[in-house]
Amino acid sequence: MKIKTLMASAAITASAWTAAAAQDATFYYDKNGWDEGFAALIEGASEASGLDIAGQQLTPTDRYQAYVMSSIAGGAAPAIFTWWNGKQLDSLVETGEIADLTELWDEAIANGWFSEAERELFSVDGTPYAIPLNVARWPVLYNKDAFAAAGIDAPPATWDELLADADALKEAGYIPFNAPAVGGWMGFIWFSELMVRTDPDAFVGLTDGTVPYNGPEVQRAMEIWTDFYERGYFTDAREQDETRFMVNEEAAMYLIGEWTAGILANRGMEPGEKIGAFLMPPVDAETENTVIVEAAPIVFSADAMEEMPALMDAARYLMSPEAGNALGQANGIYSGNLMTDAPNAIVSDVNAIIAEDAPRSVVRWWEAVPPELQGDLVSQMNAFMLDPTAENAQRVMDDMQSLNESYWAFQ
Amino acid sequence: MASVDLKDFVKLYGDHVAIKGIDLHVEDGEFCVFVGPSGCGKSTLLRMIAGLETISHGDLTIGGRVVNDVPSRDRGIAMVFQSYALYPHMTVRDNLGFGMKIAGQDKAEIDRRREGAAEMLGLGPYMERRPSELSGGQRQRVAIGRAMVREPEVFLFDEPLSNLDAKLRNQTRLEIKRLQQQLGATVIFVTHDQIEAMTLADKIVVLQDGRVAQTGAPLDVFERPRNLFVAGFIGAPAMNVLPAEMGEGPVVRALGLEIPVEPGRFDLPPAGAPVTLGIRSEDIVPEGHGQRPQTGADLSGQVKFSEVLGNESLVFFDVGGVELVSRMQRPRPVREGEELSFRIDGTRIHLFDSETETTLRRD
Amino acid sequence: MQAPQTPPISAAIRAEAHRREVAARRRSGRVALVFIAPALALVALFLLLPVLFNLGLSFTRWQRFSGLDEFGGLMNYQRLFMVPYLSEVVINTAMWVIGAITLPLAFGLGLALLLRGVPGEGLFKALFFLPRVLAPAAVGTIWFYVYAPDGVINTLAGAAVGQEIDYGWLFESHTITPAIIMTFVWQTLGINMVLLLLGMAAIPRDPIEAAHVDGASSWQIFRHIIWPLLLPTVFVVTILNVIAGFTAFDLIWVMGNGYPAQRSLSLAVFMYYETFSNSRWAFGAAIAVMLSALVILVSWALTVMQSRVEARIR
Ligand SMILES: Nc1ncnc2c1ncn2[C@@H]1O[C@H](COP(=O)(O)OP(=O)(O)O)[C@@H](O)[C@H]1O
Ligand SMILES: [Mg+2]
């Protein structure tokens, strides 16, 4: 018990340093560059609850996680903080320190703010424990001028069209896809997408240990990926400026979360005018149409909620269309609230596509995979991107599977 | 062994002229001592001979060979430093053998020379020790041994005794002299101590401010100092020096006395001209101590203080406001303020030109 | 003549002498304690306590939010040997330690010998020392771009051979560690040089001159006189380099950012990666303990050797 007390006092000391002012609650987050949006959210939440809520950004992410974990280990969870969903949310909820938000979600769905699909994203074993900060779908962003130059009048609706368009773009002097591997995490992007486009069930199976990383399902995706590299569809994975080839218009398409629309807009590529979006078509016509969804949750400390019932009003505000619009206006971020205005043309395009095609939602690989495997596996995927040969693909698959196996064996 | 010749030696450190034109001949097998006050350029001169300093101007000849641009190691010299300069990380054995080892001498020869030196210097018991485990005198002997095993043509010593205590210094001085005689070596020895210079040298070179003030055999320099500087520097205590005036006779007038002068010995200025009179302490003889000089002058003075040395005392006394020192043989205790009578030995006085400070002696 | 016999010192006098010595020592000890107490308290609070905490943590089952109170025995230490890429970590760390000892020392010594007494010595020294005062992260960023596929090195090499080169120095397993080590050398050779110059300045001139007269060439003087007398300094520099080599982190963290197997580039990076990126704190703590043990062991051995050679030349 001693070590735990020590941890708690360390965390409390740390929080005393970082947020010295006397206030009722502190909202911790690690999201870089969303300061304006957070300021608006915090102001609104304070007003709605009558509490004095302060914002506190902590970066980088590893330090942020370390801070939150040690606070919780010491029994002093931050009152409000951002987290990650999927397995990360599961283990957080397991601590018993996180407030159950079932009533709030019932209310929100009754209000028409969200649907059951979003509730699902923020639930652990059927109980919602978080509210959405951001819900982002992963479409392909494309340069409309490049498509026009290559004589393409509509985004591809089938796999063959996608290949044909890529070839046409190459012909017109473009590299079809911008595919960076910056920051140690981007390796999973194409891996997940190709899995989803060939076998969405196998994709889900990968994340719970039921499908091996070197089985036939993954072999198939890796073959396509290798083939795409051979065809010269991808930019140099060693480039460290992830949007460079999009901005200088050397590359025509970019498979990425829709929040990138805001980044491209800041670099002079206006969503809707210069940039459009489409969902990558499945490889086989019979494959289920699917969309990868990334969701960033906000969670509340159960203790804080009990001590300050008014915190629920803050949570209600944070789920509201007003909060969604505030974040959208400030930073172009989409909260997923169905009653907010789309913050940009990309989000409204994707909203329209999803309304029409009703694709199946799957949680992004990064959140779906056990956190302990994230880094080890994604570094293998990155390694493939730097040396995209069939031989290396096999090695990468085998290495991923041995890591995966030993992890699940331990559980 | 070899002779050493310095021709018009000059040393410049930037704008500072440390050696101002020196010519010197050191005979084969001669023990030559450079003596002079600190800073007069003794070490510089020696280091130029050793090849540790470039020769700014002039020529150095060792054994008939001009060696201006020859590196140290090929000059046929060995040097003993004031600080001993032993290799601190090597044993005595390796210190002695280092030079020969790097020269690629064969082992037997190295051992032969090393054993020889060790025996001559009594280093046998210390061969495996490192310098830090030796006393000052032992270190000094290692330094000398290291020079010896090189079997050089010329030995150079830079104040090798100044870090030793008085007793050890006397002892080592004798050893060095004996060694030199045994080896028949040419030695150039630097010291600021005129007693050391007198006792060791065949030839003394008195240096003053980068120049040679006088060269000669020790007694010669002592008896016939060429100028006031040498007169004051050689001999302890320093010679009594006082202003005087020529009188008829001829006599020298000083302190109200008239001291008769042997006319043939000096180039005397006319009567009434100023001169500088020098008298060594042993030539002012206290009444009743030692032989009374035949010619000279009597004076009396009041004792200020005395230095008792045992076999003699130095008596400092006052005569009309001028302080003189006398050497009292077979001394008796004297009190401060006591009146004593002395006699100056007129045959041993020194006269110098008041302007140029050079001697007025003819020889 | 015989020295007069001194009467034997009585036991009472000896006891009294001992008492006085002890009292005097105790007095000065107490004064010393007063002066070092604040430093001692700070060391205990900010160094000893975290180290002990870390040691304790390494024996727990702590992972993410739970297991802090569960004793895990040597579990975390055993786990270290099950890491599939452990050999890579060890090889890279060994390269770091060896490279960090030898290269800055060799280059620093070369420069020190070269620069000693040349005109403009001070300026050169400052120039070579300059990289040292830059933050490693900044240095890493600069060199990341120097080594980049379209960076300075490839551009120059390309110009030299007359064809375009876009080699990814920091993306290939066999060049990344040497490349980062070279940056480390660039950054640390200045301090090595300055320390060696200080060491050389402390070597008395006399034995060197004596060796000159004794017939030694410049190389022989270096080999037989300067080098042995410089050895204590060399050991001090080596100890600093060993610690730097074992704990190399910032540069690798920045320069290895695009390299997929970054975590295996050194033990320190591996430790950080497991602790913070992977949130395996107890495991990370175990790596930290092993790393510290290694550093302490090697530095201790070197310190012992250092004091031996030091004693030898005193
Ligand atoms: N390396 C040097 N640089 C400049 N001046 C020097 C140097 N070495 C000696 N000198 C000067 O030369 C003069 C003679 O010095 P030195 O030969 O050492 O005197 P000493 O007679 O005491 O051995 C002194 O004025 C000294 O300051
Ligand atoms: Mg000197």
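Residue numbers begin at 1 in each chain, while the letters A, B, ... track the order of the sequences.
In this structure, CD1 in A/Ile175 is found 11.5 Å from CE in A/Met246, a value given to the nearest 0.5 Å.
The distance between the ring centers of C/Tyr167 and C/Tyr147 does not fall below 6.0 angstrom. The aromatic ring centres of C/Phe59 and C/Tyr77 sit less than 6.0 Å apart.
Taking chain C as the reference chain and counting heavy-atom pairs below 4.5 Å, the highest number among A/Ala383, A/Pro60, A/Ala181, A/Ser406 is found for A/Ala383. With respect to chain C, the highest number of heavy-atom pairs below 4.5 Å among A/Glu239, A/Gln65, A/Gln240, A/Glu94 belongs to A/Gln240.
Side-chain N or O atoms of C/Asn76 include one that pairs as donor or acceptor with a backbone N or O of C/Ser58 at under 3.5 Å. Judged purely by atom type and a 3.5 angstrom limit, A/Asn382 uses its side chain to pair as donor or acceptor with the backbone of A/Gly187.
For the 3.5 Å distance criterion, the side chains of C/Asn92 and C/Glu88 fail to qualify, holding no donor opposite an acceptor.
Proximity to chain C (any heavy atom under 4.5 Å) is restricted, for A/Thr95, to the side chain, taken from C-beta onward. A/Leu403 touches chain C through its side chain: at least one heavy atom from C-beta onward sits under 4.5 Å away, while N, CA, C and O do not.
More than 12 heavy atoms of other residues, nucleotides or ligands shown are found within 6.0 angstrom of CG on A/Asn248. Within a 6.0 Å radius of CZ in A/Arg395, more than 12 heavy atoms belonging to other residues, nucleotides or ligands are found. By the neighbour-count criterion of 12 heavy atoms within 6.0 Å, atom CH2 of A/Trp408 is densely surrounded, having more than that number from other residues, nucleotides or ligands.
Heavy-atom proximity under 4.5 angstrom to chain C picks out A/Pro371, A/Glu372, A/Gly375, A/Asp376, A/Ser379, A/Gln380 from residues 368-381 of chain A. Interface with chain C: from residues 77-89 of chain A, residues A/Trp83, A/Gln88 qualify, criterion being any non-hydrogen pair under 4.5 Å.
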Dump the intermediate steps for side chain to side chain contact (heavy atoms under 4.5 Å, CB included) on C/Val89 and C/Ser264, then the final yes or no. CA-CA 4 Å; C/Val89 179; C/Ser264 58; 3.7 Å; yes

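Under 4.0 Å is where a charged nitrogen must lie from a carboxylate oxygen, and between A/Arg238 and C/Asp166 at least one such pair does.
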